[in-house]
Number of protein chains: 4
Amino acid sequence: MRVEQARSRTRRQRILDGAALTFSRRGYRATSVDDIAEASATSKGGIYFHFPNKEAIFLALLEGMAALLHDRMERAMAEATGPEAKLDAALLTMLHTFGAHRTLARLFLVDAMGANREFSARIMEIQEGFVALIERQLQEAIAEGALPAVDTEITSVAWFGALLQVVTRWLLAGKPADLNDAYPALRALLLRSVALPAANRLQAMTA
Amino acid sequence: MRVEQARSRTRRQRILDGAALTFSRRGYRATSVDDIAEASATSKGGIYFHFPNKEAIFLALLEGMAALLHDRMERAMAEATGPEAKLDAALLTMLHTFGAHRTLARLFLVDAMGANREFSARIMEIQEGFVALIERQLQEAIAEGALPAVDTEITSVAWFGALLQVVTRWLLAGKPADLNDAYPALRALLLRSVALPAANRLQAMTA
Amino acid sequence: MRVEQARSRTRRQRILDGAALTFSRRGYRATSVDDIAEASATSKGGIYFHFPNKEAIFLALLEGMAALLHDRMERAMAEATGPEAKLDAALLTMLHTFGAHRTLARLFLVDAMGANREFSARIMEIQEGFVALIERQLQEAIAEGALPAVDTEITSVAWFGALLQVVTRWLLAGKPADLNDAYPALRALLLRSVALPAANRLQAMTA
Amino acid sequence: MRVEQARSRTRRQRILDGAALTFSRRGYRATSVDDIAEASATSKGGIYFHFPNKEAIFLALLEGMAALLHDRMERAMAEATGPEAKLDAALLTMLHTFGAHRTLARLFLVDAMGANREFSARIMEIQEGFVALIERQLQEAIAEGALPAVDTEITSVAWFGALLQVVTRWLLAGKPADLNDAYPALRALLLRSVALPAANRLQAMTA
DNA sequence: GATGAATGAGAGTTCATTCAT
DNA sequence: AATGAATGAACTCTCATTCAT
């Protein structure tokens, strides 16, 4: 990598960091490009050198986060064996990641919607990526006989929605105070919903 | 009621109708007060006579819709007996209502988020109303011994999230083409998640 | 005319006046909408209530001036009899009008060009209006036998160009100091160019 | 000349070529320095090494073209004998040159105006150069007795204006389709305007 | 000589809100 | 009650110019 590229990447990253900060503090709309410039110690022109417009910054941020989470979940599930363990891995990864990056979670779950009509399509695609990840696991488990046959499409969508809602509620209503507190009940609920007995694994998990 | 009041209520309603139309067509942000004025055959000044600001129109709309849906669900569940029947009632009411008012659903689920930071708190409250409604039913069923003891809080939140996600996906990704197609699998999933056997009831339902 | 219309027209006119002033002082590009707002004692928003954009103000100005000049020339020529007298009428009207409104002339002749690519088409149309006016007179004079047959198209274009250049030179180079000083030689030149003897009429004219 | 100088001249010329291309395609204002850099396969910094600012590029271009045309006209007239022949030479040179370089003509005639207030003064000077060229010829012809005494100043200005207008109209209105079609009528008109019989020479010309 | 990342002033335009009528 | 002209702050985006490398 050449030096100029490295420097450019630094600046670009600084802009993304500044944008993440201000977006999550004030929301997408309420954040002006000037705000981002200030938060990233750059100039407005500098921002427009690296990104074609404000929306692109948001999208870059969103996609970066989605890719990170997606990757983490995938890796965690790959290391786990058996449906319950895989669910645990995915669930905990999600709760931990969102729990540790409250501001980014807000960005991802709240601001992403409604900000712009063209946005929502992209958001949906990103969400579908996660749904697909879940669905693939379910299908494999069913194929292996580790899981009774269920409608994997609706199940994965519903699971994802359930998770998002729990996180969103934590974000906006502050309940539960610690996002991880939702884990046991959520785990049990999801396992039951695919007719898996949850009790013993839960013990193993928390042990 | 005096005549002017009646007329005023008419005007107010016309504004709400016009707003619902334009909001759902273009989104909250992209809709100007001028647009609403035009769509409701009023003037800008007239709108500001009836509502303190643009946000209030959106909120009034949102709360009206929420109250309607809340009421319908409550009534439908009151008429049903037994947990499965109540779930069916609620589920079908929701799917039918959203399915019949696609544009309003979009407003409710997509635009409501992210539009404004102060908004989201109110949105959360509205959502909590639905969650509470579900939770109450679950608690009653458990008290009656019709349902095994589960974490009603997480369950109701998760159920609501699952539903929203299914509807949102239908709105933004067009899947499934007919929202009602999601019903059987969703029903089975939710029942299973609270350890209720779904099979026979489903047959009874569709019979 | 209703009162509101009258008031609106007043404001609209004030904007046009302010725009004429600033455009001719600083040029089209260098004039900001803020400048126009200040010069017309209005607000930026007020300007955008009356005109869709900056360009429309310029065009309105341009077309107003063109219509005025066109009208004046047409009327002056209608009152004159015979080709020489008509030429005199037109020529003097043009020189007097431009001479009396130096700033508007500048706008018309200098800024109109080059300001915007889409502009020039409209400018050409306006110019063609004047060319057509001249050509019509030439054709009538030829039809009446008062003028030998000449190529009326090229003649009218060339005459118009000659006039514009004399005025432009006066504007930008300050030569001649008094625009009217160009009249006698210009008159003689144009008459000669269509094979009319100029001498005696000129004497009558200046007498 | 050292190698670097040669290379530098090459680069400078490449910039001028690229600028001519983009200026004439999009107009002066709409052309950014980035556009020029791209069109001349240089960098922005490189451009600012060779020219102090954007305006200077335009001016250099303009003056180069003017000098070329001036030179061609001067040479063509020097080779011709007699007023009619000289007029023919100049006229044809101008029409041919502009006709062959439509985009440059546009630059010269349309964009040059209005681009900038300080510009117009320079443009006027350039135009005065052509006017002076014409005037000198007229004066010589009068001195030789080949032409009756006329106001050479106004005549040369008017001639130049007539020519410009014919060319501008061709550029912007597309009339006449072929610029050379304007030649015979224009020639006749101009000759008549200085009391020269045109007919026989025209025949000689086209023969 | 050449590069292109960075700057920052400034542009046109939008629009929620106000208020005289 | 209703109107719509008027306001002005705020926005996104552009671009000529600079300068470290």
Side-chain angles (χ1 to χ4, degrees), chain A residues 2-5 7-12 15 29-37 41-55 57, chain B residues 4-5 7-8 10-12 15 29-38 41-57, chain C residues 2-5 7-12 15 29-37 41-55 57, chain D residues 4-5 7-8 11-12 29-38 41-57:
Chain A
R2 300 235 307 290
V3 179
E4 301 94 64
Q5 286 179 339
R7 198 182 291 137
S8 172
R9 172 173 289 179
T10 302
R11 176 76 52 137
R12 197 190 134 93
I15 293 170
R29 286 293 319 186
T31 295
S32 73
V33 178
D34 268 313
D35 291 335
I36 301 174
T42 330
S43 63
K44 224 193 294 208
I47 289 178
Y48 278 93
F49 181 81
H50 289 285
F51 297 91
N53 50 43
K54 185 182 162 188
E55 194 176 307
I57 304 174
Chain B
E4 298 95 68
Q5 285 180 339
R7 213 182 270 147
S8 169
T10 302
R11 173 78 51 139
R12 198 189 130 92
I15 293 170
R29 285 293 318 185
T31 295
S32 71
V33 177
D34 266 313
D35 291 334
I36 301 174
E38 198 188 333
T42 331
S43 66
K44 237 197 281 213
I47 289 177
Y48 278 90
F49 178 81
H50 289 285
F51 295 91
N53 50 43
K54 186 183 162 187
E55 197 175 303
I57 305 174
Chain C
R2 301 233 309 289
V3 180
E4 301 94 64
Q5 286 179 338
R7 198 181 292 137
S8 172
R9 172 174 290 178
T10 301
R11 176 76 51 135
R12 200 189 130 93
I15 293 170
R29 287 294 316 187
T31 295
S32 73
V33 178
D34 268 313
D35 291 336
I36 301 175
T42 330
S43 64
K44 229 195 285 211
I47 289 177
Y48 278 92
F49 181 82
H50 289 284
F51 296 92
N53 50 44
K54 186 183 162 188
E55 194 176 306
I57 305 174
Chain D
E4 298 95 67
Q5 285 180 338
R7 212 181 270 146
S8 169
R11 174 78 51 137
R12 197 189 132 94
R29 284 293 319 184
T31 295
S32 71
V33 177
D34 266 313
D35 292 334
I36 301 174
E38 197 188 334
T42 331
S43 65
K44 236 194 283 212
I47 288 178
Y48 279 90
F49 178 81
H50 289 286
F51 296 91
N53 50 42
K54 186 183 162 188
E55 198 176 302
I57 305 174

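Residue numbers begin at 1 in each chain, while the letters A, B, ... track the order of the sequences.
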- Task: Would you tell me if any nitrogen or oxygen in the side chain of D:Arg11 comes within less than 4.0 Å of OP1 or OP2 on E:dA2?
- Result: yes
- Identify which nucleotide among F:dT7, E:dT3, F:dA16 has an atom closest to any side-chain atom of D:Thr42, counting heavy atoms from C-beta outward. E:dT3
- Work out which heavy atom in A:Ile47 is nearest to a heavy atom in A:Ile57; give both atom names and the distance. CG2-CD1, 3.6 Å
- Note on the structure: A:Thr31 meets the side-chain hydrogen bond (donor to acceptor under 3.5 Å, both in side chains) criterion, sequence neighbours left out, with none
- Take the protein atom CZ of D:Phe49 and the nucleotide atom P of F:dC19, then report the distance between them rounded to whole Å. 16 Å
- Item | Which atom of C:Arg29 lies closest to which atom of D:Arg29, heavy atoms considered | NH2-NH2, 2.8 Å
- Closest to the B:Ser43 side chain, choosing from E:dG4, F:dG4, F:dC13: F:dG4
- Query: Got D:Arg12 and D:Phe51 here, is their nearest side-chain heavy-atom distance under 4.5 Å?
  - Reply: yes
- Which one, F:dA6, E:dA6, E:dA16, comes nearest to the side chain of C:His50? F:dA6
- Which heavy-atom pair separates A:Ser43 from A:Ala37 by the least distance, and what is that distance? C-CB, 3.9 Å
- Task: With sequence neighbours left out, write down each residue that passes side-chain contact (heavy atoms from CB on, under 4.5 Å) with D:Ser32, or none if nothing qualifies.
- Result: D:Asp34, D:Asp35
- Task: With DNA chain E as reference, determine whether A:Ile47 or C:Val33 sits nearer its 5' end, using the nearest nucleotide of each.
- Result: A:Ile47
- Task: Select base, sugar-phosphate, or nothing to describe what B:Asn53 touches, counting heavy atoms under 4.0 Å on all strands.
- Result: sugar-phosphate
- Would you kindly compare B:Ala30 and C:Ser32 by the position of their nearest DNA chain E nucleotide and give the one closer to the 5′ end? C:Ser32
- Under 4.0 Å: is that the gap between some side-chain N or O of D:Arg29 and OP1 or OP2 of E:dA11? no
- Per the atom types in the model, does the base of F:dT17 pair as donor or acceptor with the side chain of D:Lys44 at under 3.5 Å? yes
- Message: Which is more 5' along DNA chain F, the nucleotide nearest A:Gly45 or the one nearest A:Thr31? Just name the residue.
- Response: A:Thr31
- 5'-to-3' dot-bracket of DNA chain F (Watson-Crick, G-U; under 3.5 angstrom; crossing pairs as [ ]; | other strand): .||||||||||||||||||||
